[in-house]
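Worksheet: the structure to be examined is printed underneath.
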Amino acid sequence: MTGQAVCGFHPTQRVASRRQLILNHKVLLTGGAGYIGSHTAVAMLEAGLIPVLLDDFSNSDPAVLNRLKQLTGHALTCERGDVLDTQFVSDVMRRHQCSAVVHFAGLKAVGESVEQPLRYYRVNVGGLLSVLEAVQPTTCRSIVFSSSATVYGDPATVPIDETFPYAPESPYARSKLMCEDILASLAMSDPSWRVGVLRYFNPVGAHASGLIGEDPSGIPNNLMPFVSQVAVGKREKLRIFGKDYPTADGTGVRDYLHVCDLADGHVAAVKRLLSQGPGFTVNLGTGQGTSVLGVLHAFEKASGRTVAHEFVPRRPGDVAEYFANVSLAESTLGWRASRNIDDMCRDAWNWQQKNPEGYRSETASTACELHAA
Ligand code: NAD
Ligand code: UD1
């Protein structure tokens with residue numbers, strides 16, 4: 001249900017006085033209560049920007065707002081509603097006068113997108129269109145879009161740079177490319193639009209405080225949350241998909257990126273657009289590949305626990321090796337990841353230990369009051 005929410009924002013001098021350049025601009029974070037959005041909200045505040053969250057909580061828990069308050073000392077503004085409701089997004093834009101938008105809201109499970117393509121196109125592509133239609137009549141002309149390295153499909157070589165051909169292999173991947181196309185057409189039709197497309201590699205980990213982190217519902221699809229749940233005793237063993245890939249140890253290699261580094265990448269992207277920089281499309285990763293066994297061993301080291309595992313056949317659709325060339329992100333945004341795989345595992349483990357049931361132990365009522373419109 002589209003409604004209005006929530007907690008008022010109380011900017012403090014402490015946050016604002018630390019920065020000289022782009023200060024106190026409001027930035028709309030659609031999907032801001034989710035995994036990447038919540039970490040980005042913290043990074044924005046630290047950088048002197050004011051995040052305005054918009055979320056329907058279809059894949060997040062209002063309890064995150066309470067955690068964000070504990071972590072930052074601020075009750076963040078969060079508007080509850082659906083990005084597909086253009087009138088609602090327009091209303092949020094009008095009331096908050098946001099200078100930039102980061103569009104995180106969407107669906108992200110590759111397998112589910114194969115089963116429910118129409119839902120994925122509706123939410124991911126329709127959601128972006130709705131947001132753009134709501135923003136178009138305002139003075140805001142800066143938007144950062146959450147894209148994914150999955151648009152490259154199975155690359156011929158690594159590292160992957162932004163000129164690699166597209167090979168989307170799922171409706172999810174195609175929805176991301178469609179969104180990139182829509183944004184490119186918009187910027188072409190009206191050069192006052194400044195568009196930043198960020199192609200994430202594999203975001204993992206959690207805020208070092210252990211207050212916010214990834215909280216997947218059901219059985220996790222992704223490696224790191226699964227490993228965490230085995231280490232904490234929620235799942236019996238990790239199934240390693242394939243041991244015969246042409247990689248050093250035979251298991252799949254990925255470019256894992258700490259979610260706080262990713263969050264900082266969004267701050268750099270928004271600041272570049274707000275300082276009238278031209279648009280860009282960049283990879284966000286570390287540029288380092290780590291195998292499944294590499295992650296497992298790093299997690300065992302971080303947790304001091306053994307992670308039980310077995311080898312099973314390859315997962316359909318998986319590629320052998322995948323990591324980014326990040327030089328364009330560095331030169332364009334002045335950003336580079338600073339945390340390594342040990343940091344990612346340490347912070348993922350800290351979050352998992354402190355929150356074995358994710359946010360579910362905390363009820364919405366303790367988090368924040370949510371009102372229907
Ligand atoms: P997430 O599911 O944790 O966050 C998405 C948020 O959007 C959730 O809070 C959800 O409730 C909200 N949302 C979904 N549909 C909505 C709607 N119709 N209206 C309003 N809110 C809605 O996911 P995340 O991991 O934080 O990912 C954020 C974005 O980054 C997504 O667009 C995803 O496709 C993209 N991305 C994620 C990854 C990853 O590994 N997490 C990798 C590449 C790209
Ligand atoms: C997947 C998505 C990708 C998305 C990314 C988000 C697919 C095909 N791709 O990428 O679009 O952007 O998540 O982070 O779903 N593994 C195991 N056992 C497990 C889980 C994973 O061995 O239980 C292995 C996989 O085979 C892979 C590696 O771990 O080699 C990472 O898997 P995962 O975390 O699912 O990420 P991706 O497959 O890279």
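Counting starts at 1 for both ligands and their atoms, following the listed order.
- Protein residues with any heavy atom under 4.0 Å from ligand 1: Gly31, Ala33, Gly34, Tyr35, Ile36, Asp55, Asp56, Phe57, Ser58, Asn59, Ser60, Gly81, Asp82, Val83, Phe104, Ala105, Gly106, Lys108, Ser146, Ser147, Ser148, Tyr172, Lys176, Tyr200, Pro203.
- Distance from atom 2 (C) of ligand 2 to its nearest protein heavy atom, with residue and atom name: Val110 CG2, 3.7 Å.
- Neither the backbone nor the side chain of Met224 has any atom closer than 4.0 Å to an atom of ligand 2 (non-hydrogen atoms only).
- Salt-bridge check for Arg339 with Asp347: failed, with every basic side-chain N at 4.0 Å or more from each acidic carboxylate O.
- With a 6.0 Å cutoff to the six-membered ring centre and a 45° limit on the axis angle, Arg80 does not count as a cation-pi contact of Phe57.
- Checking only distances, Arg315 does come within under 3.5 Å of ligand 2, N or O to N or O.
- Ion pair Arg336/Glu330 flagged as a salt bridge, since at least one NZ, NE, NH1 or NH2 atom sits closer than 4.0 Å to an Asp/Glu carboxylate oxygen.
- Residue nearest to atom 36 (O) of ligand 2, selected from Asn202, Val253, Val292, Leu238: Asn202 (by heavy-atom distance).
- In this structure, Tyr256 is part of the shell of residues with a heavy atom less than 4.0 angstrom from ligand 2.
- In this structure, atom 27 (C) of ligand 2 lies nearest to the protein heavy atom Arg254 NH2, 3.6 Å.
- The heavy atom nearest to atom 16 (N) of ligand 2, considering only Tyr245, Tyr200, Phe241, is found in Phe241.
- For the residue pair Trp351/Glu214, the side-chain donor-acceptor check at 3.5 Å is not satisfied.
- In the hydrophobic clustering of this structure, Tyr245 does not group with Leu296; members are Ile, Leu, Val, Met, Phe, Trp, Tyr whose side-chain heavy atoms approach within less than 4.5 Å, directly or through other members.
- Both the backbone and the side chain of Asn222 come within 4.0 Å of ligand 2, judged by heavy-atom distances.
- Taking the charged nitrogens against the carboxylate oxygens, Arg254 and Glu321 have no contact shorter than 4.0 Å, which rules out a salt bridge.
- A salt bridge links Asp215 with Arg360; the closest basic N to acidic carboxylate O contact falls under 4.0 Å.
- In Asp318, the part holding a heavy atom less than 4.0 Å from any atom of ligand 2 is the side chain.
- By the 3.5 Å distance cut-off applied to N or O atoms, Phe226 is not counted among the residues near ligand 2.
- Remark: the Arg174 side chain and the Tyr120 side chain contain no N/O donor-acceptor pair separated by less than 3.5 Å.
- Between Glu79 and Arg95 there is a salt bridge, with a side-chain nitrogen of the basic residue lying less than 4.0 Å from a carboxylate oxygen of the acidic one.
- Of the possible polar contacts, none joining the Asn355 side chain to the Glu357 backbone as a donor-acceptor pair under 3.5 Å is found.
- Remark: among candidates Thr251, Asp255, Asn221, the nearest residue to atom 20 (C) of ligand 2 is Asn221, based on non-hydrogen atoms.
- Partners of Ser130 by side-chain hydrogen bond (donor to acceptor under 3.5 Å, both in side chains), not counting sequence neighbours, listed by chain and number: Thr86.
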